[in-house]
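This one's a predicted model, so the numbers in the text were calculated from it and none came from an experiment.
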Amino acid sequence: RIAAARWPEKETVADPSQGVQLATMQELARYWGSDYDLRRFETRLNALPQFITEIDGLDIHFIHVKSPHEHALPLIITHGWPGSVIEMLNVIGPLTDPTAHGGDATDAFDVVVPSMPGYGFSAKPTGTGWDPVHIAGAWIRLMRRLGYTRFVAQGGDWGAQITDVMGAQAPPELLGIHSNMPGTVPPEVSKALASNVLGAGDPPPSGLSADEQRAYDRLSFLFTKGIGYALEMGLRPQTLYGLADSPVALAAWMLDHDARSYDDIAAAFAGQPVGSLTRDEVLDNITLTWVTNTGVSSGRLYWENTLGFFDVKGVTVPAAVSVFPNELYQAPRSWTEQAYPNLIYFNEVDKGNHFAAWQEPELFTTEVRAAFRSLR
């Protein structure tokens, strides 16, 4: 299927402003079709304990790794799109067995990493209703089913939204949350951003600080030019038949998440990986989506969602936030303190992009340990 790809002509500009560049895709296809080792990935994944449990009539796949250390803190981590549990494979070891990775046993976690409905090895919903609020409730039930009477939650991308909703639902077992893509945008800012998307062009609220203005400008760009994939999946996910029919179409769609991440992924296929985001890591994620035929089913989550991606969700439990410099937007501390009234940790790190755990596993692990240390 890879070798049979029909290619378009080269883009008419020298930069990626028209989308994923032909040279990147042809190198990806060459490596995927000739050198990529699926069995390596299969062996890596199968080395972890994995399970299926039914929640609300849907089979949910999850990885569950218990720490060898006593008094480990249970942690559920939720991935995003176009990711999967693959994003978390490099952090499971350091989080569950910190002493084997230069850490302290007192920072140990039991780690649960579920596949969201319609992603990877979880079942595909056959009806509507599996939105982030439903998934958040399902994750709480999953942790209870595993026997945990106290736990913490972490997420980025969709995982950040689901984790925020868990923090708003505030079950008694949930000690706190950590986000690497927090929902901090105040209502008045969200309203102005929405007007820009609709073409009204309302000005930003007055009195924004330099950090807040920078965040506003970045979000304004994202909503008008930077997340076309999200708009398409939010409106017409079923139209994307190419994601089920062509591995090359699927790969291009998944690579084009955001400009900063794409730059790093393109560098990986040019032989210059940034952090741990190697071409094998990228193709592990794409291959999992291809073989499970979840390109369209994963996109339906955008159609189901009714919440503002970056909006305040009403979290009441203790919350921790790590801001990565190449995230979709850099959450200002002022907005973060308003969004999370019980903010216990805030840190701006010096490297990493939207796929924080995937690209910078050591830094991500350090942040998660620090985020939850006061809740043990």
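By the 4.5 Å heavy-atom criterion applied to side chains, L219 and L328 are not counted as neighbours. Contact of the P132 side chain with the W158 side chain is registered, since non-hydrogen atoms from C-beta on lie closer than 4.5 Å. Annotation: side chain of M254 is not in contact with side chain of V282 (no heavy-atom distance under 4.5 Å).
Using a 4.0 Å cut-off between charged side-chain N and carboxylate O, R333 and E337 make a salt bridge. A salt bridge is defined here as a Lys NZ or Arg NE, NH1 or NH2 lying under 4.0 Å from an Asp or Glu carboxylate O, and D245 with R1 meets this definition. Using a cut-off of 4.0 Å between Lys/Arg side-chain N and Asp/Glu carboxylate O, R260 and D263 are scored as not salt-bridged.
Between the CZ atom in F109 and the CG atom in D97 there is a gap of 13.0 Å [rounded to 0.5 Å].
In terms of the salt bridge (Lys or Arg N to Asp or Glu O under 4.0 Å) criterion, residue partners of D107 (sequence neighbours excluded) are, by chain and number, R373. Under the rule for a side chain to side chain donor-acceptor pair (under 3.5 Å), Q169 has no partner lying at least two apart in sequence or in another chain. By the side chain to side chain donor-acceptor pair (under 3.5 Å) test, W81 is found to be paired with no residue, residues two or more places apart in sequence or in another chain being considered. For the side chain to side chain contact (heavy atoms under 4.5 Å, CB included) test, residues two or more places apart in sequence or in another chain that qualify with P49 are F51, V65. For A252, the side chain to side chain contact (heavy atoms under 4.5 Å, CB included) partners two or more places apart in sequence, or in a different chain, are M25. Contacts of S84 classified as side chain to side chain contact (heavy atoms under 4.5 Å, CB included), with partners at least two apart in sequence or in another chain: I86, N285, L288. By the side chain to side chain contact (heavy atoms under 4.5 Å, CB included) test, K191 is found to be paired with no residue, residues two or more places apart in sequence or in another chain being considered.
The local environment of CD in E70 is sparse, with at most 12 non-hydrogen atoms from other residues, nucleotides or ligands closer than 6.0 Å.
Grouped with L363 in one hydrophobic cluster are F324, V349, the linkage being side-chain heavy-atom contacts under 4.5 Å among Ile, Leu, Val, Met, Phe, Trp and Tyr residues.
Side chains of S276 and E281: no donor on one and acceptor on the other come within 3.5 Å. A donor-acceptor pair shorter than 3.5 Å cannot be found between the side chains of N180 and E367. Side-chain atoms of Y262 and Q21 form a donor-acceptor pair, as typed in the model, at a separation below 3.5 Å.
The salt bridge (charged side-chain N to carboxylate O under 4.0 Å, His left out) contacts involving residues 14-38 comprise E27-R30, E27-R279, R30-D35, where partners must be two or more places apart or lie in separate chains. Among pairs with a residue in residues 134-151, those fulfilling side-chain hydrogen bond (donor to acceptor under 3.5 Å, both in side chains) read T53-R145, D56-H134, D56-R141, H64-Y148, T78-W139, D110-Y148, R144-E173, at least two apart in sequence or across chains.
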Distance-only donor-acceptor pairs under 3.5 Å for side chains of residues 308-315, two or more places apart:
{"residue": "D311", "atom": "OD1", "partner": "S190", "partner atom": "OG", "Å": "3.0"}
{"residue": "D311", "atom": "OD2", "partner": "S190", "partner atom": "OG", "Å": "3.1"}
{"residue": "K313", "atom": "NZ", "partner": "G308", "partner atom": "O", "Å": "2.9"}
{"residue": "K313", "atom": "NZ", "partner": "F309", "partner atom": "O", "Å": "3.2"}
{"residue": "K313", "atom": "NZ", "partner": "D311", "partner atom": "O", "Å": "2.7"}

Please tabulate, for side-chain N and O atoms in residues 121-128, each donor-acceptor pair with protein atoms closer than 3.5 Å (sequence neighbours left out).
{"residue": "S122", "atom": "OG", "partner": "H61", "partner atom": "N", "Å": "2.9"}
{"residue": "S122", "atom": "OG", "partner": "S115", "partner atom": "O", "Å": "2.6"}
{"residue": "K124", "atom": "NZ", "partner": "T292", "partner atom": "O", "Å": "3.2"}
{"residue": "K124", "atom": "NZ", "partner": "N293", "partner atom": "O", "Å": "2.9"}

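Ring pair H257/Y229 is tilted by interplanar angle, where 30° to 60° counts as tilted.
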